[in-house]
Protein chains: 2
Amino acid sequence: MKIGELSRATGTNIETIRYYERIGLLPAPDRTAANYRSYGDAHRSRLSFVRHSRDLGFTIEEIRSLLDLSDDPARDCGEADRIATAHLEQVQAKIAQLTLLRDELARIVGRCRGGVAADCRVIEALGDHRHCESPH
Amino acid sequence: MKIGELSRATGTNIETIRYYERIGLLPAPDRTAANYRSYGDAHRSRLSFVRHSRDLGFTIEEIRSLLDLSDDPARDCGEADRIATAHLEQVQAKIAQLTLLRDELARIVGRCRGGVAADCRVIEALGDHRHCESPH
DNA sequence: TATGCACCCTGTAGCAACTACAGGGTCAAG
DNA sequence: CTTGACCCTGTAGTTGCTACAGGGTGCATA
């Protein structure tokens, strides 16, 4: 299939597919006589893997490691689990941080009583960290 | 005060302070005879405002709007509230998205039973979106 | 007086993970 | 034979910094 089809099949931007090839995440496919990229099923499933992992928030480097693992079926699976577990912990940390931030923002937003900027509680709260209840 | 003092006073990297000046977020300060930047209290509180807003996740452009507002004390405060509210909604959306993602990751991680990559449930789950329970 | 060191300056390039052109080639339909 | 959809390469832009390179300044110490 040509790049446009692969793009539609995987929901990936054409430019992104070429980008992945450039950085070595996808192997360079064969070319047609007209120098068009020609992909097979292996490419499509590899790209699906990449996109799905990206959707789950893995970085390109993490995905590279995961792909290396799956390219070498004899290797120990524990490494994949370590990568995924570390990533899960990062996501949990991010959620915790955003939750603090949300609470702080909600407090700030709730203070607006209208009026002019000079008396604005929102602007005041943003300017002075001491109005905060939690660290962020 | 010189840039190093301002940096320590606000917990901001020196390069970041110069960056904020370059993009017009901080006004260019006076210079000493040796061409060193010389800051006053107004600069420090403006920079604190910027840092605090960044810590709360506001973008540079949002901060620019908030600063414009606070520079013009007669303006309606509602605009600041709108910016903060919109930002709060984005944070909430992000938390919701990350929570789905965390649940999915937790499911995937939990499937590892050791063994070799060829049988790896983690890699399998990453390759195939159909293993997922929720959209992301 | 020399020299070492901390500090300051400008300008440019790098990071992640794309995205968006500019400027061209290819191919099938009408 | 031209229109339009597709493809190609290469480069530059995005956000919010951070990290140099290559220089100047200012003060204390030997």
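In what follows, every heavy atom counts, from backbone to side chain, and hydrogens, waters and symmetry copies are set aside.
Once rounded to the nearest 0.5 Å, the distance linking CG of A:L56 with CZ of B:R102 reads 13.5 Å. A distance of 12.0 Å separates CZ of A:R64 from CG of A:D71, quoted to the nearest 0.5 Å. To the nearest 0.5 Å, atoms OG (A:S45) and CG (B:D128) are separated by 9.5 Å.
Shown for residues 26-48 of chain A: residues whose heavy atoms fall under 4.0 angstrom of DNA chain D, namely A:R31, A:N35, A:Y36, A:R37.
Across all strands shown, B:R51 has heavy atoms under 4.0 Å from sugar-phosphate atoms exclusively, and none from any base. Heavy atoms of B:I14 sit under 4.0 angstrom from primed sugar atoms or phosphate atoms, though from no base atom. Nucleic acid contact for B:I3: sugar-phosphate only, since backbone atoms but no base atoms lie under 4.0 Å from a heavy atom of the residue. As judged by a 4.0 angstrom heavy-atom cut-off over every strand, B:F58 is placed among residues making no nucleic acid contact.
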Worked check of salt bridge (charged side-chain N to carboxylate O under 4.0 Å, His left out) between A:E21 and A:R18: CA-CA 5 Å; A:E21 179 183 330; A:R18 288 198 280 247; over 6 Å; no
Working for salt bridge (charged side-chain N to carboxylate O under 4.0 Å, His left out), residues A:E5 and A:K2: CA-CA 5 Å; A:E5 285 173 83; A:K2 285 189 284 180; over 6 Å; no
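Once you apply a 4.0 Å limit to the heavy atoms of chain A, the touched nucleotides of DNA chain D run 5' to 3' over D:dC6 to D:dT9.
Put simply, CD on A:E61 is 11 Å from P on C:dC15, counting in whole angstrom units. The NZ atom of B:K2 sits 14 Å away from the P atom of C:dA6 (whole-angstrom rounding).
Checked for salt-bridge contact, B:E79 and B:R82 meet the test: a charged N lies under 4.0 Å from a carboxylate O.
Between the side chain of B:T10 and the backbone N or O of B:L47, no donor-acceptor pair lies under 3.5 Å. Between the side chain of A:T12 and the backbone N or O of A:R8 there is no donor-acceptor pair closer than 3.5 Å.
Side-chain contact between A:R46 and A:S70 is absent, with no heavy atoms from C-beta onward closer than 4.5 Å. Looking at B:L25 and B:Y19, their side chains never come closer than 4.5 Å, going by heavy atoms from C-beta outward. The shortest side-chain heavy-atom distance between B:L126 and A:F58 falls under the 4.5 Å cut-off.
Each end of the helix from C:dT1-D:dA30 to C:dG30-D:dC1 yields a helix axis from five base pairs, and these two axes differ in direction by 30° (to the nearest 10 degrees).
Heavy-atom distances to DNA chain C give each of A:Y20 and B:E15 a nearest nucleotide, and the one nearer the 5′ end belongs to B:E15. Sequence order on DNA chain C of the closest nucleotides to B:R22 and B:R18 puts B:R18 first from the 5' end.
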